[in-house]
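Okay, so here's the structure we're looking at.
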Amino acid sequence: MKLPRSFYDRPTLDVARDLIGKVLVHNRRGVVTSGVIVELEAYIGESDPACHAAPGPTRRNEPLYGHPGYSYVYLNYGIHSLVNVVTESHGRPAAILIRALDPLDGIEVMRRRRGGTMKGRRTRGDRNPLARHELCRGPGNLTMAMGITLAENRLDLLGDRLYIEDRAIPAGALAWGPRIGIRVGTQHPWRAWVEGHPAVSRA
DNA sequence: CGTTCGATGCACT
DNA sequence: GTGCATCGAACGT
């Protein structure tokens, strides 16, 4: 069943803890892809220097100041769309970055989306298909596999296009540590993952 | 193994 | 003009 608004309207670290093991679903014109969330990072408030809300309200970070249970998608390094889930409420800007999934539905669609070219060259042939645990490893890879782009920014996660379900899937042991890939705010242990899962970034 | 570095677009100063 | 919440190709051991 789909997670209700009240799930997201809570302290961000509580939402983060409970999101591990839940299922992110994208229905793009009837093409469904989904996966179990196995890695994420929390970005909390204007006082968190790594949070996009650190400079205060801007046009880009507007979703962070909006309602909980909405998507926040932005373009990173000009190439990767990264997907976040907005949490809390009452104008407190916070969100959770989804970093890795264990794919469930649409695995062949994911393989097709992850294939392709770079600099006009084939990067991966049909002979060397990605393993299941590689399809959604990393925040840029998972959005590519699921077909999540800037068009999926500001979507209500209680809608039918992009949402999160509780399918009561047993997750492994939960671990916490510093966030990775950032240059500031590394002192906060706000990255969570399923211990030992092969889709989790090796930090 | 390891490290470096280019691709690429947009928000923000 | 600068700097990214990245990825993987291309090098050097």
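Lettering follows sequence order; numbering is per chain, from 1.
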Here's a test for you: under side chain to side chain contact (heavy atoms under 4.5 Å, CB included), which of L19(A), T12(A), D18(A) qualifies with V15(A)?
L19(A)
How many angstroms lie between CZ in R113(A) and CG in N141(A), if you round to the nearest 0.5 Å?
13.5 Å
Spacing of L135(A) atom CG relative to dG8(C) atom P, expressed in whole Å:
11 Å
Atom-to-atom span, NE2 of H188(A) to P of dA5(C) - whole angstrom
16 Å
Could you give the CD1-to-C1' distance, from I180(A) to dC4(C), as a whole number of Å?
15 Å
Approximate separation, where rounding is to 0.5 Å, of T87(A) OG1 and R92(A) CZ
8.5 Å
In whole Å, I'd like the distance from the CZ atom of R179(A) to the P atom of dT6(C).
12 Å
Minimum-distance nucleotide (side-chain atoms of I79(A) versus dT8(B), dA5(C), dC7(C)):
dT8(B)
Between S71(A) and R154(A), do the side chains contain a donor N or O and an acceptor N or O under 3.5 Å apart?
no
Nearest to the Y77(A) side chain among dT6(C), dT13(B), dA5(C), which nucleotide is it?
dT6(C)
Rounding to an integer number of angstrom, what distance separates dA10(C) and dT8(B) when you compare their P atoms?
14 Å
Test: E165(A) and K22(A) ion pair at under 4.0 Å:
no
Rounding to an integer number of Å, can you tell me how far Y74(A) OH sits from dC4(C) C1'?
8 Å
How far does CZ of R191(A) sit from CD1 of I96(A), to the nearest 0.5 angstrom?
14.5 Å
Taking OP1 and OP2 of dG8(C), is either one under 4.0 Å from a side-chain nitrogen or oxygen of N141(A)?
yes
In residues 80-106 of chain A, which ones come under 4.0 Å of DNA chain B, going by heavy atoms?
none
Round to the nearest Å and state the distance from N153(A) atom CG to dC10(B) atom P.
13 Å
N/O (side chain, R114(A)) to phosphate O (OP1/OP2, dG8(C)) under 4.0 Å
yes
Tell me which nucleotide among dC10(B), dC7(C), dC4(C) gets nearest to the side chain of R183(A).
dC4(C)
Among residues at least two apart in sequence or on other chains, which ones pass side chain to side chain donor-acceptor pair (under 3.5 Å) with H197(A)?
D102(A)
Based on Watson-Crick and G-U pairs with both distances under 3.5 Å, what dot-bracket line describes DNA chain B 5' to 3', crossing pairs as [ ] and inter-strand pairs as |?
|||||||.||||.
Atom CG of L75(A) to atom P of dG9(B): distance rounded to whole Å?
8 Å
Y72(A) versus H52(A), side-chain donor and acceptor atoms under 3.5 Å:
yes
Walking DNA chain B from its 5' end, the first of P57(A) and G78(A) to be reached, judged by nearest nucleotide, is G78(A)
Applying the salt bridge (charged side-chain N to carboxylate O under 4.0 Å, His left out) criterion to K2(A), which one of D166(A), D156(A), D160(A) satisfies it?
D160(A)
With a 3.5 Å cut-off and no angle check, do the side chains of D9(A) and S89(A) form a donor-acceptor pair?
yes
L142(A) atom CG is separated from dA5(C) atom P, nearest whole Å, by 16 Å
